[in-house]
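These notes are about the structure you will find just below.
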Amino acid sequence: MEGTDLWTLAVIVGLALVTVITRCFFFMSNQPWHLPHWAQRGLQYAPIAALAAVVAPEVVIAHGQLIGTWQDARIYAALTGAAYFFWRKGQGQAVLGTIVSGMAVYLPLHLGLGW
Amino acid sequence: MHQWSARARGWWQHPAFGRGVREMMSVSPGLAAWGLMTGVAMVKSGMSTIEAVAMSLLVFAGSSQLAAMPLIAAGAPVWVILTTSFCVNLRFVVFSAHMRPYLMHLPLRWRLFHGYLTVDLSYVLFTRHYPHPSSDGAERREQLAYLSGGSLLNWVSWQSASLLGIALANVIPTHWGLGFAGILALLGVGCSLASSPLRRVSAGVAGMAAVVAYALPLKLNIVVAIASAVALCLIIEETRPKTPAATP
């Protein structure tokens, strides 16, 4: 909790610019431009790929390596969450249920058994 | 100024705005837990309260913040920090290509406004709800109202949780692993997208590729995973017999 320094604040402003540039990358320019047809079709597979790419390592990787044990709370929490979602067929508050059921498995295993 | 307020009023009043808010509401507990732990992590990495608050309010990108924290703490060169953050954010570049036809009819400042607020979940929920951009004025207003509702609720829940995390950093132990709720939120939304066989292939390939390529620096494994999953799905689409549903 030492003082605030200008270098760090400048870096933070730079990071904010990176956020704007990456999130607006393809619609900052006014030039007419069209995505090639194949890329347009490919984009329907991008959102789920991005989510899977973010989620999978967070579930099965620890300390930079694929986990070698089944005693990991994250595996059971993710399986429970996904099972809940498909059991409810995605209806109603299924995503909320995924979070709640997953954490209901995660916290006891993680805090209770140290998995 | 008059035009600005008229536009803003239009968004608030459109029923799609409320729908956007409600659909984001179901994932917001996960977002909040994730934001809370990001706030805690910033302070634990040695940032001052002012720095952490500024980072939360300005940068507004959890994974980019988490990647930058250790580099800032270590005094890494600015270009290394910014390049890292750019690479961690590369998935947003993919999203922006997708969002372009939905937003191009707006003036630049509104495109920047929507782009800045469009994070993973607002993008995914938006394109799930509106698979095709529209050229009709009323439909465009509806789409933007939905996008705004989701984005604003997402911003409010993320920022309030993150600021709470900064305030309570010394009370909340990181070993509880509350941030995992954020991963479960992404998992739930991912499940809701698994609506066609090829999309399930995309998820499987991307998940495996991201794990296999995990050793790549700058979180490039995520970009490699998206690229390989999309490429493989396009190849399968091209080579398998055309069904009526597959032809646009």
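Order of the sequence lines fixes the chain letters, A, B, ..., with proteins taken first and strands second; residue numbering starts at 1 for each chain.
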At a 4.5 Å cut-off on heavy atoms, which part of [X] comes close to chain B: side chain, backbone, both, or neither?
X      : result
A:I48  : both
A:L107 : side chain
A:Q65  : neither
A:L15  : both
A:V11  : both
A:A10  : neither
A:L66  : side chain

Pick from [options] with the largest number of heavy-atom pairs that fall under 4.5 Å of chain B:
options                    : result
A:F86, A:Y45, A:F25        : A:Y45
A:P57, A:A56, A:A73, A:A77 : A:P57
A:V20, A:N30, A:L17        : A:N30

Please determine, among [options], the option with the most heavy-atom pairs under 4.5 Å with chain A.
options                       : answer
B:V205, B:V212, B:I183        : B:I183
B:A225, B:P131, B:S63, B:G207 : B:G207
B:S64, B:G115, B:S96          : B:S96
B:V119, B:L117, B:D120        : B:V119
B:G30, B:G190, B:C233         : B:C233
B:G182, B:G177, B:A231        : B:G177

Check for a donor-acceptor pair, side chain of A:Y84 on one end and backbone N or O of A:L79 on the other, with a separation under 3.5 Å.
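No: the side chain of A:Y84 does not pair with the backbone of A:L79.
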
Do side-chain atoms of B:T38 reach the backbone of B:W34 as a donor and acceptor pair under 3.5 angstrom?
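Yes, the answer is positive, given that a donor and an acceptor are paired below the 3.5 Å cut-off.
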
Are any non-hydrogen side-chain atoms of [X] and [Y] less than 4.5 angstrom apart?
X      : Y      : answer
B:R91  : B:V223 : no
B:F95  : A:F26  : no
A:H110 : A:R74  : no
B:M47  : B:I166 : no
B:L144 : B:L103 : yes
B:V211 : B:M208 : no
B:S85  : B:Q65  : no
B:V201 : B:I236 : yes

Would you please go through residues 54-61 of chain B and name the residues with a non-hydrogen atom below 4.5 Å from one of chain A, in numerical order?
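Under the 4.5 Å heavy-atom cut-off, B:A54, B:M55, B:L58, B:V59, B:F60, B:A61 qualify.
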
Would you mind checking which part of [X] comes under 4.5 Å of any heavy atom in chain A, side chain (CB onward), backbone (N, CA, C, O), both or neither?
X      : answer
B:A194 : both
B:A229 : side chain
B:F86  : both
B:A76  : backbone
B:I72  : both
B:A181 : both
B:T127 : side chain
B:H114 : neither

Apply side-chain contact (heavy atoms from CB on, under 4.5 Å) to the pair B:F113 and B:L106, showing each step before the final yes or no.
CA-CA 10 Å; B:F113 171 80; B:L106 294 173; over 6 Å; no

Under 30°, 30 to 60°, or over 60°: which ring-plane class applies to B:Y130 and B:F126, parallel, tilted or perpendicular?
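B:Y130 vs B:F126 ring planes: tilted.
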
Basic-acidic side-chain contact under 4.0 Å: B:E237, A:R41:
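Here B:E237 pairs with A:R41 in a salt bridge, since their nearest N and O are under 4.0 Å apart.
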
If you check every heavy atom in residues 94-102 of chain A against those of chain B, which residues fall under 4.5 Å?
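Under the 4.5 Å heavy-atom cut-off, A:V95, A:L96, A:T98, A:I99, A:G102 qualify.
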
Worked verdict on B:L198 versus B:R240 for side-chain contact (heavy atoms from CB on, under 4.5 Å)
CA-CA 11 Å; B:L198 268 183; B:R240 71 174 180 179; 3.8 Å; yes

Show your working on side-chain contact (heavy atoms from CB on, under 4.5 Å) between A:D72 and A:W115 and close with a plain yes or no.
CA-CA 5 Å; A:D72 193 307; A:W115 283 13; 5.6 Å; no

Where do [X] and [Y] come nearest, in terms of heavy atoms and distance?
X      : Y      : answer
A:G42  : B:V230 : O-CG1, 3.5 Å
B:W158 : B:L31  : CE3-O, 3.8 Å
B:S48  : B:E51  : N-OE1, 3.0 Å

Walk me through it: do B:R199 and B:S195 pass the test side chain to side chain donor-acceptor pair (under 3.5 Å)?
CA-CA 7 Å; B:R199 285 194 177 179; B:S195 53; 3.3 Å; yes

Does the cation-pi check pass for A:R23 over B:F92, that is, NZ or CZ under 6.0 Å from the six-membered ring centre and within 45° of its axis?
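That pair qualifies as a cation-pi contact.
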
From CA spacing to verdict: side-chain contact (heavy atoms from CB on, under 4.5 Å), A:C24, B:R111
CA-CA 7 Å; A:C24 304; B:R111 300 204 297 271; over 6 Å; no

